Amino acid sequence: KEWKTVTITLEGAYAPWNMTNPDGTLGGFEPELAKYLCDHMKVECKLVASDWDSMITSLNAGKFDVIMDALSITEERKKIIDFSIPYAHTHAAFAASKDSSYTNAPGTGTVVKMEPDLSGGKDSVEAMRTAFKGATIGIQAATVYAKFIYDNFGDIATIREYKTGAERDLDLETGRIDLAFDDAVYLNSAFEKANGELAFSGPEIGGTIFGIGEGLGVRQSDPELKAMLDDAIKAALADGVVKELSMKWFKTDVTP
Amino acid sequence: MWLVETLGFGQTGWGGLLLMGALMTLCVTLAALLLGAVLGAIVAAAKLSQSRAIRTAGGVYTTIFRGVPELLIIYLVYFGGSSAVTAIGAYFGFEGFLGMPSFIAGALAVGLICGAYQAEVYRGAFLAIPKGELEAAEAIGMHRFLRFRRIIMPQVLRFAIPGIGNVWQLSLKDSALVSVTGLADLMRTSQVAAGSTRQYFLFFIAGGCLYLVLTSMSDRLFARAERRASRSMPAGIGQI
Amino acid sequence: MAAATRLSVRNIHKSFGAHEVLRGISLDAHDGDVISLLGASGSGKSTFLRCINLLEIADQGEIVVDGERIEMTMKNGHAVPASRKQVDRIRAELGMVFQSFNLWSHMTILDNVIEGPVHVLKRPRAECIAEAEALLEKVGIAEKRHAYPAHLSGGQQQRAAIARALAMKPKVMLFDEPTSALDPELVGEVLRVMRSLAEEGMTMLVVTHEMGFARNVSNRVIFMRSGEIDSDGPPEELFGKGGSPAFRQFIGTFGK
Amino acid sequence: MAAATRLSVRNIHKSFGAHEVLRGISLDAHDGDVISLLGASGSGKSTFLRCINLLEIADQGEIVVDGERIEMTMKNGHAVPASRKQVDRIRAELGMVFQSFNLWSHMTILDNVIEGPVHVLKRPRAECIAEAEALLEKVGIAEKRHAYPAHLSGGQQQRAAIARALAMKPKVMLFDEPTSALDPELVGEVLRVMRSLAEEGMTMLVVTHEMGFARNVSNRVIFMRSGEIDSDGPPEELFGKGGSPAFRQFIGTFGK
Amino acid sequence: MDFPFLFQTMKTLLAALPVTLGLFSLSVLFGGFLAILIVWMRVGGNPILSRFARGYIFVFRGSPLLIQMFLVFYGLGQFGFIRHSFVWPALREPFVCAVLSLALCTAGYTAEIFRFGLRAVPPREIEAARAIGMSGFLLVRRIIAPIAFRHALPAYSTEIVMMVKSTALASLVTVWEVTGVAQRLISQTYRTMEVFLCAAIIYLVLNFLILQAMALLEHYLSPHRRAAAPLVPGGLPVSR
Ligand SMILES: Nc1ncnc2c1ncn2[C@@H]1O[C@H](COP(=O)(O)OP(=O)(O)OP(=O)(O)O)[C@@H](O)[C@H]1O
Ligand SMILES: Nc1ncnc2c1ncn2[C@@H]1O[C@H](COP(=O)(O)OP(=O)(O)OP(=O)(O)O)[C@@H](O)[C@H]1O
Ligand SMILES: [Mg+2]
Ligand SMILES: [Mg+2]
C-alpha cells in the first residue's frame, strides 16, 4: 500500500506534549515533531484532535492512521496495536506540596534507574517507603505508574485513583492528598501552574521499569507505515531534532 | 484584563472556539430533538396501543434506551454504525474503512435516547387528557387520525411542553458525550482549553455559563409556548 | 308507524364488574320520534346511551342505525366493532350531548361547535361558522363564542354542548339530561328548539328528569328500572293511569 | 327576626375582566333560614356563592360569618384575606356543594366524605366512618362507598357531594344546584333532608332551578338579574303576585 | 465470544455495584427532600424565595453535572476558609462530595417534575378542599401531594433512572463505581465493547427493576383510573 496522506491524531489537551492554541491550531512538542517526521517520509500529514477515551478503538476502526499522544509502549497495548520505536522516554517521580511533611524525601534531585524487577533501585524504594508511611498518594488510574504504586506502597499508604492527572494535581494543592506520582515531565509543567507550591520529593525513577518510552501507535495491519515511521524517528533522533524540541518544550532531555 | 484576554476573541482568546463548541452542541441537540420527536411519538403510540405485542415492543425500546448508559449507546452507534457502513461498502467493492460522519452518528445516538424520553412525556400527556373530551370526539364520528390531529395532539402538546423542555435540557447535556466521536462540542472544547492552558476552573465555569446561556434561551422559548398553550386553562392552583 | 325506523336496539346487556347495569334493553325509534328515557339515578340511562354510540361496548346485543347493523367481532374474548370506518360513519349520524358536557377545553366555544362540521363532515369553514353562530344565538350564548369552556357558567357550558351536537345535523340525537343546569326560562327555550327539530323529522332519545318535558314534548316515554324497561308507552297513557306502580311512585308528586 | 344573623354579606362586587358579574349584592341570613337563589344561567349565582367562601375574592364588599367579619388587606393592588387561619376556620363552618361536584378523584366515596371530619376537624376516624355511612345511607349510595367517583353515575356523584358537605356539620350551607342531576324521587328525598336540617337550625343558601323547591321548602326567595338582586321576599309573596315583571317572565309557565 | 473474560469482567464490575447503589440511593433520598423544599419555595408565594428557587433550578438543571461535580469537589477546596471550616472533614471525603453534587443536581430536575405534577391537579378538586377549610400543609398533604405525585410519577421514574446512570460520573472524584471501573478495565485491556456490554447489562437490569417497581407503584396509586373490574386485561380503558 502506498502512503500519500497520513492522518495523525492527538488529544490536543495534554500540554506540553500537545495542546490546542486559542485559534484552534495544534501546538506543542508532538505536533512539531510530527511535522519533521512527515517531511522526512514525504507524505502529507493531517493532524486531528480526538477524544482520549476512544482513541485506540477509533484507530482500529479506521478513523485515523497514527496515534501520537504520549502513548507509553506497554505489553497490553501491543496486543491490539503496533508501536513505532520510542521517540521519547521520561522519568517518573513523586510530587508533594511544599508545606507538607513529606517534602524532600531522601534522594530528591537524583535519578535512579530500575529494571522491572526493581533491580538497581531496591534501596531507594525502601527509603521512600519509610519516608511516605501513612501518606495519601494520588495516581492516574490505569497507568503503568498505578501498578508500581500499588505493588510497593499499597501496604503503607492510602492510594487514590484519579481519572486525569490534572484533577489529581488540584487535590494535591488543596491537601486532600499528600503525594502524587506521575511522569516527571508532566509534573514539572504542573509545578509551573502551581506557583511554586509543589515540588519533587524523592528521586526521579528511570530505566525500563515503566517501559521503553512513548511511541507512535499504528494499526497492526499497517506494517509499511510502521516501518516508515521507525525510519523517520531514527532520523529525528540522529539529527538531534528530538532533543532540540524537548529542550524547547520540556526544558529537559527526553530522548530515549 | 487577563480574563478578558483569555476568554475574548483576540489572538490569545478562547471565545471563538468556545462559541463554535456551543454552536455544535446546539446543532447536535436540535437534530437529536427532532429525530427524538418522531421516534417518541411512534413509541408513545406503541406503548398506548391495544395490541400487547406492540405495547411490549414500545416498552422494550424505552427500557433499553433509558436504561443503558448513554455513553455505550453512542459507542454502539458510532463504532457499530461504522462497521456496518464499512461492511456495506465492502459488499459494493469499496476498499478499506468507511466512516459514519461524526455529526450524524452523534445526533443519531442522542436522538435515539431522546426519543425514549419523549415517548414517556407524550404518554403521560395523553393520559392527562380528560376522558370525556375524547369520548366527545368519538361521539361525533371523528376517525382515529382526525381525533389525533384535532383533539389529542393539541392537548398532548399543551401538557407535554414542560416535559419536552426537560428532555431538551437532558439532551443538551447528553450531547456532551458525543465528543467520543471526535465532535468538538462545548464540553470538549472547554476541556481542551482547560487542558491546554491548565486553567481548569476558568474554563469549566466558562463552559458552564455557556450551557446556562443555551438553556436560558430555550427556557424562555418554552415558557412562552407554555403560556400560549395554557390560555384556555382555569387559573390553576393559584395560592397554595 | 309508517315512518322509517332510524334506530333499533336489540337486547342490550352490559355489566361493570359483577354489577349488571343493563339486562336486555330493546327499543325501536322512528323518524320524528322523541323518546323520553326516565329512571332513577344509577338505573343505567347514561350507560344505555353510551352503548348506543359504542362509547361502551355492550356485552351482548345488536344495534341497527338507519337500517345498517353495526358489525361486531370477538377479539381476546371481547366483542369489538368489526369496522372502525363503519363506527365513525354511524357516529357522525348520532349526535350526543353528554351529562358532563365534555367540551374540548383547548378550544373556544365557537371552535368546539364548528369542529365536527369542518373536520368530520368536511364542509366549508365559512358556512359552518355562520351556522354555528346562528346556533349559539339560538341557545343564547352568542356573546361567549370566543370564551374557553373553563370560563363559562354551568348552564352556558351545557348550551354550548347542545349547540355542538346540533351542528352535526345528526339523524338521531342522544341527549343525556340536556337541561339539568338550565333555568326554567332556558329550559322552555331548549324544549322549543327540540320540538322544532322533531318536527323536521329528527329522532331523539332524551334522558331527563324533567317530567314536564317527558309529558309535553315527547311522544313516547320509557321508564327504566334495575336495568330493564319497566314501562313504555305514550306519555298521555303513562302519566294518565297507565304505568307500573314503580313508575307512579317514581313520578311521585308530579303524577298527582 | 329573633334568630341570630349567621351570614351577612354587604355590597359584593365582582368582575371578570371587563365583565361585571356581581354589582353590589347584599344579604342577611339567620338561623334556620332557607334562601333560594334564582336567576338566569350566567347571572352570577355560582360566582356569588364562591365569593362568600372566598374561592373568588370579591373586588369590593364585606362578608360577616357568625358575627365575625372576614378581614381583608391589599396586596399588589388586589384585596386578599388578611388571615389564612381565619379563612380556614370560617370555611370549615361554611359547607359547599359545587355545581360540578368536584369530588376528589383519587379517593373512594367514603374517603371523600370522611376527609374533612377526620383531617380538618380532627375527629376520631371510627366515629366519622359511622356518621359517613349513615349519611351515605340517607342519600342512597351506601353500597357505592368503596367506588371511585369516576365510576359513579351523575346523580350518584351529586349525592356523594352533598354527603361530603353535610359531614362537616357546617352552620351555613351553600348549595349550588344540588338536585340538578337527580330524578324526581330523589329530589323529594334530598328536599326532605334539607327541610330537616333547616328545622335543626342550619342556615342554607340554595341556588336552584327547581321552582318547586323555591316555593315549598325555602322561607325566602331571591331573584338575581344582571348581577343585582331584582326581587327578594317570602315565596308566597313572590310566587303569588309579588315579584318584578322580569321574575314573572323567568318563572314562566310555572308561575301560571 | 471470550466467556472467561466476560465472566471475569462481570465479577470485577459487580464488586463496584454497592458503591453505585450507595451513591444512587443516598442522592435520590437527599435530592428528593431538597426538591420538595425547592418546590415549596418556588410556588409558595414569597417572591424572594420563589426567585431563589427559580435561580437554583436554572443553574442546576441548566449546566452539565460533570461541571457541577468538578466545581463542588475541586472548586470548594480552593477556598481557604472552607478548608479551615467545620465542613471540610466531610467535604474532604470524595463519597460525600459525590452524593452532595448528585443530590444538588437531581433536586433541580425533581423540583421541576414535581411542579408539573402540581399543575395537573384539577383546580376544582382543590377548591372543594378549600371549601371545607383545608389550607396550607393539610391541603398539600391530603389532596395536592397525592394527586400531583401520581401525575409526576412517570417523569419521576425517568429521573430516578437518570440518576442511576449519573452516578457514573462519580469516578471523576475518585469514587470508583461500576462505569469508572469499566473504563479502568478498558484502559487496561482495550476491549471496549465487551467491557461496556457487561456494564450495560448491569445498568439495564438495575434500571429494569427500578422501572418495574415504579410501574407497580403507578398501578397501585391509580385505582381510580382503572375500570371497575379486571375485564379489560391490561388494556387502556381510555378509548376503544
Ligand atoms: N365506568 C364504570 N365503572 C363501574 N361502574 C359504573 C361505571 N359507569 C357507571 N357505573 C355504574 O353503573 C350504574 C349506572 O350508571 P349510569 O351512569 O348509567 O346511571 P344513570 O341512569 O345515568 O344515572 P344518573 O341519572 O344519576 O345519571 C351506576 O350504578 C354506576 O355506579
Ligand atoms: N373564571 C371566569 N372567567 C371569566 N368569566 C367567568 C368566569 N367564571 C364565570 N364567568 C362568567 O361570569 C358569569 C356568571 O357565571 P356564574 O357561573 O356565576 O353563573 P351562574 O349564575 O352560576 O349560571 P348557571 O346557572 O349557568 O350555573 C357568566 O357569564 C360566566 O361566563
Ligand atoms: Mg346519567
Ligand atoms: Mg352556576
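Model, not experiment: these values are computed from the prediction. Chain A is the first sequence line, chain B the second, and so forth, proteins listed ahead of strands; every chain is numbered from 1.
- Chosen from C:Ser46, C:Ser100, C:Gly44, C:Ala181, the residue pairing most often with chain D at heavy-atom distances under 4.5 Å is C:Ala181.
- Of all the heavy atoms in D:Arg159 and C:Ser41, the pair that sits closest is NH2-OG, 2.6 Å.
- Listed for the C:His209 side chain is no donor-acceptor partner under 3.5 Å among the backbone atoms of D:Ser180.
- For the atom pair CG of C:Asp183 and OG1 of D:Thr208, the computed distance is 11.0 Å after rounding to the nearest 0.5 Å.
- Smallest separation of non-hydrogen atoms from D:Gln99 and C:Gly154: NE2-CA, 3.7 Å.
- Contact of C:Gln156 with chain D is made through backbone and side chain together, with heavy-atom distances under 4.5 Å.
- Of the atoms belonging to C:Lys45, not a single heavy atom falls under 4.5 Å from chain D.
- Against chain C, the residues from residues 185-192 of chain D that qualify, each with a non-hydrogen atom under 4.5 angstrom away, are D:Glu185, D:Leu186 in number order.
- When side chains are defined from C-beta on, C:Glu143 does not count as touching D:His19, because their heavy atoms never get closer than 4.5 Å.
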